[in-house]
Amino acid sequence: MKKNIITVAMTGASGNMGQAVVNEIMKLNYVRVRLLFLPDKRERVLTKKWTKKYGERMEIFFGNIKNEGDCQKLVKDVDYVVNMAAVIPPLADKRPDLARDANVTGAKNIVNAIEALACQPKLIHVSTVAIYGNRNYLHPWGRVGDPLLPSAYDEYGTGKLIGERYVLDSEVKNWVVLRQTGIVYEKLLMSNVSDGLIFHTCFNVPIEWVSDRDSGVLVKNIIAKDYHNHPSDFWKKVYNIGGGKNFRTTGYEFFNMGFDMIGGSVEKFMKPNWQATRNFHCMWFSDSDELEKRFHFQSESLETFWANVKKKFWYFSLAKLLPPKAIFALIIKPLLKDENAPYRWVKEGNVGRINAFFGGKSQWESISAEWKNFAVWGKNQIEGYDYHKTIEETSAEKYKLSHGYDESKPDSELSLEDLQDAARFRGGKCLASTFTKGDWYTKVEWQCADGHIFLASPYTVLKAGHWCPHCIREGHWDFDRQAKKNPFYAQVWYDSHEREENATYYIDENGRSALAS
């Protein structure tokens with residue numbers, strides 16, 4: 001018999017996606033929520049606002065996802081858990097300990113707390129596109145199952161990858177992983193002019209955004225449809241959250257949209273050699289329609305987003321009255337001196353960061369400071385890579401990466417031979433001697449090229465793109481070495497790295513970026 005009222009527990013409700021989820025999900029009159037908040041001033045202000053608005057439909061308690069007891073209290077006697085907790089850059093770069101607490105320890109605590117219950121709630125775990133690592137015009141389209149290669153020094157992406165895998169390998173009966181892409185939200189413009197992180201977004205990177213509101217609608221619709229007996233084939237899978245064709249663009253174009261708010265442009269306020277040329281993340285999703293077909297949440301576009309921002313923050317237009325030099329002095333110049341800015345890395349000789357984001361000092365020096373000498377993909381200036389044709393959805397198949405097994409077969413026909421093929425394509429072995437055809441979720445034994453032996457389900461490896469958990473470590477990135485033995489990784493890694501590169505990037509005992517080669 002269906003419950004009249006269901007309870008949804010949430011972490012990360014104070015974030016941009018989290019607030020949108022709360023605002024949308026409270027439109028369902030049969031839902032009450034339980035929220036775990038950090039006991040800080042900002043979150044206390046938000047709880048007062050929501051408590052006044054929603055009253056007894058909202059239960060709030062203060063704690064920390066890194067504490068097992070708080071997670072146990074959160075998930076007890078609820079129907080759904082939405083884990084959106086995350087510490088993201090730039091804070092994740094500056095405080096990797098906090099990132100670890102939320103992105104790794106927190107995810108494990110939530111899973112463990114659910115596993116311990118006789119009657120388990122369903123888990124909606126929000127992961128990130130950052131786990132895929134860098135993409136450019138050579139492979140701009142991607143999908144679930146592609147290699148997971150978080151960028152060097154990206155504690156956020158690496159931690160979220162580890163946390164996600166814990167969900168996939170868990171004994172939670174009903175879970176789903178949603179890999180969230182970059183979110184556009186009302187205060188995005190001001191939030192991104194406070195840190196050198198703005199210079200990490202490559203000009204020629206393909207980006208598929210999504211709005212905070214659409215993400216909120218998605219989570220609401222997942223719960224609503226499941227409440228009304230949505231087909232169970234949705235659960236125990238991984239999906240990419242993207243905004244679809246109306247949110248696909250490049251780094252260069254997106255910056256132009258933002259600068260247009262103040263009467264400027266990328267080329268008026270920035271120089272090509274200020275921006276990283278690799279070691280970012282984001283791509284266009286060839287499978288972002290999978291969630292859309294099920295839940296019909298994509299209602300906005302980049303054009304409508306910027307139009308709404310212009311309407312609400314009308315005073316941005318006053319900046320058009322200022323000369324470009326004044327805008328540069330007030331906004332851009334201070335950021336160039338930020339510890340997270342590539343320009344400062346070059347000035348200080350930060351070899352690790354320069355190598356990671358450019359390939360080396362000589363590669364950075366080869367980037368022109370003049371726009372007339374810099375090829376912009378979005379302006380169709382890269383010969384052989386027609387931007388306008390590439391961004392068409394019909395081009396996605398051309399850029400499809402191999403996952404190492406016969407994907408044309410029905411899922412029910414998955415065989416031991418498929419597992420062995422996939423393992424070989426990753427430079428390793430499937431050590432299982434027997435296998436039940438079509439069994440995607442029973443763990444089997446694998447071995448990577450380094451000899452590490454591990455257990456993972458065929459879904460985790462073949463469908464979700466994970467491989468050896470021992471080779472993925474926080475504070476340590478050595479994909480140059482791994483790609484040499486792993487064709488699965490190599491097919492995308494060498495889009496932005498040279499085969500001769502042999503660097504290991506790590507965070508030293510003092511929390512500084514370091515490089516070994």
Side-chain angles (χ1 to χ4, degrees), residues 7-23 25 32-51 54 58-117 120-128 130-131 154-167 170 172 175 177-178 180 183 191 212 215-216 219 474-475 507 511:
T7 302
V8 179
M10 297 185 203
T11 66
S14 65
N16 295 306
M17 179 179 180
Q19 291 189 50
V21 169
V22 171
N23 290 335
I25 208 169
R32 66 187 299 274
V33 298
R34 181 185 297 165
L35 307 179
L36 172 60
F37 273 116
L38 290 168
D40 62 29
K41 181 178 179 181
R42 174 179 173 274
E43 302 207 348
R44 288 187 185 278
V45 170
L46 185 58
T47 59
K48 288 181 181 179
K49 171 186 172 183
W50 278 347
T51 301
Y54 299 115
M58 181 169 284
E59 176 190 351
I60 295 170
F61 73 96
F62 294 97
N64 195 312
I65 195 173
K66 73 176 182 179
N67 298 328
E68 292 181 2
D70 292 336
C71 293
Q72 292 164 358
K73 180 180 178 181
L74 178 71
V75 307
K76 186 179 180 181
D77 300 323
V78 303
D79 300 280
Y80 298 88
V81 176
V82 184
N83 181 27
M84 298 174 286
V87 171
I88 65 174
L91 181 58
D93 299 330
K94 298 172 182 176
R95 291 291 306 274
D97 56 322
L98 296 181
R100 189 175 303 112
D101 288 345
N103 305 334
V104 181
T105 304
K108 292 180 177 180
N109 285 343
I110 291 291
V111 166
N112 293 343
I114 293 173
E115 286 180 332
L117 297 173
Q120 293 185 0
K122 294 178 177 179
L123 172 62
I124 300 172
H125 178 77
V126 179
S127 186
T128 172
I131 67 177
D154 184 4
E155 295 276 17
Y156 166 64
T158 304
K160 291 296 282 186
L161 186 153
I162 295 169
E164 173 187 304
R165 189 185 185 118
Y166 200 79
V167 174
S170 74
V172 174
W175 53 260
V177 170
L178 306 178
Q180 177 65 281
I183 295 177
S191 298
D212 55 350
S215 294
V219 175
E474 292 174 273
I507 304 295

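Computed from a predicted model, the values in this text were never measured in an experiment.
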Is [X] atom [atom1] crowded by more than 12 heavy atoms from other residues, nucleotides or ligands, each under 6.0 Å away?
X   : atom1 : answer
K73 : NZ    : no
I88 : CD1   : no
E43 : CD    : yes

*Tell me, please, which residues at least two apart from A92 pass side chain to side chain contact (heavy atoms under 4.5 Å, CB included).*
V87, P89, A99, Y156
Within-4.5 Å side-chain heavy-atom neighbours: [X] and [Y]:
X    : Y    : value
R42  : S14  : yes
R32  : Y54  : no
N23  : W50  : yes
L38  : N64  : yes
V33  : E59  : no
V8   : V82  : yes
D212 : Q19  : no
W175 : I114 : no

Return the minimal non-hydrogen interatomic distance between [X] and [Y], and the atom names on each side.
X    : Y    : answer
P121 : V81  : CG-CG2, 3.8 Å
G163 : A107 : CA-CB, 3.9 Å
R44  : T47  : O-OG1, 2.7 Å
L35  : A13  : CD2-CB, 4.0 Å
V78  : V75  : CG2-O, 3.2 Å
S215 : Q180 : OG-NE2, 3.0 Å

*Please step through side chain to side chain contact (heavy atoms under 4.5 Å, CB included) for the pair T7 and D77, ending with a clear verdict.*
CA-CA 8 Å; T7 302; D77 300 323; over 6 Å; no
_Is there a side chain to side chain contact (heavy atoms under 4.5 Å, CB included) between L178 and I124? Walk through the geometry before answering._
CA-CA 7 Å; L178 306 178; I124 300 172; 3.7 Å; yes
*Is there a donor-acceptor pair under 3.5 Å between the side chain of N103 and the backbone N or O of K160?*
no
*Just by modelled atom types, is the I65 backbone N or O under 3.5 Å from a matching donor or acceptor in the D70 side chain?*
no
Spacing of [atom1] belonging to [X] relative to [atom2] belonging to [Y], to within rounding of 0.5 Å:
X    : Y    : atom1 : atom2 : answer
K76  : R34  : NZ    : CZ    : 9.0 Å
E164 : N83  : CD    : CG    : 12.0 Å
D97  : E474 : CG    : CD    : 11.0 Å
S170 : Q120 : OG    : CD    : 8.0 Å

_Please identify which of these residues, V104, L98, D101, meets the side chain to side chain contact (heavy atoms under 4.5 Å, CB included) condition with K66._
D101
_Set of residues satisfying salt bridge (Lys or Arg N to Asp or Glu O under 4.0 Å) with respect to K108, sequence neighbours excluded_ = none
*Taking it one step at a time, do E155 and I507 satisfy side chain to side chain contact (heavy atoms under 4.5 Å, CB included)?*
CA-CA 10 Å; E155 295 276 17; I507 304 295; 3.5 Å; yes
*Going through the checks in order, is the side chain to side chain contact (heavy atoms under 4.5 Å, CB included) test met by I110 and L74?*
CA-CA 9 Å; I110 291 291; L74 178 71; 3.9 Å; yes
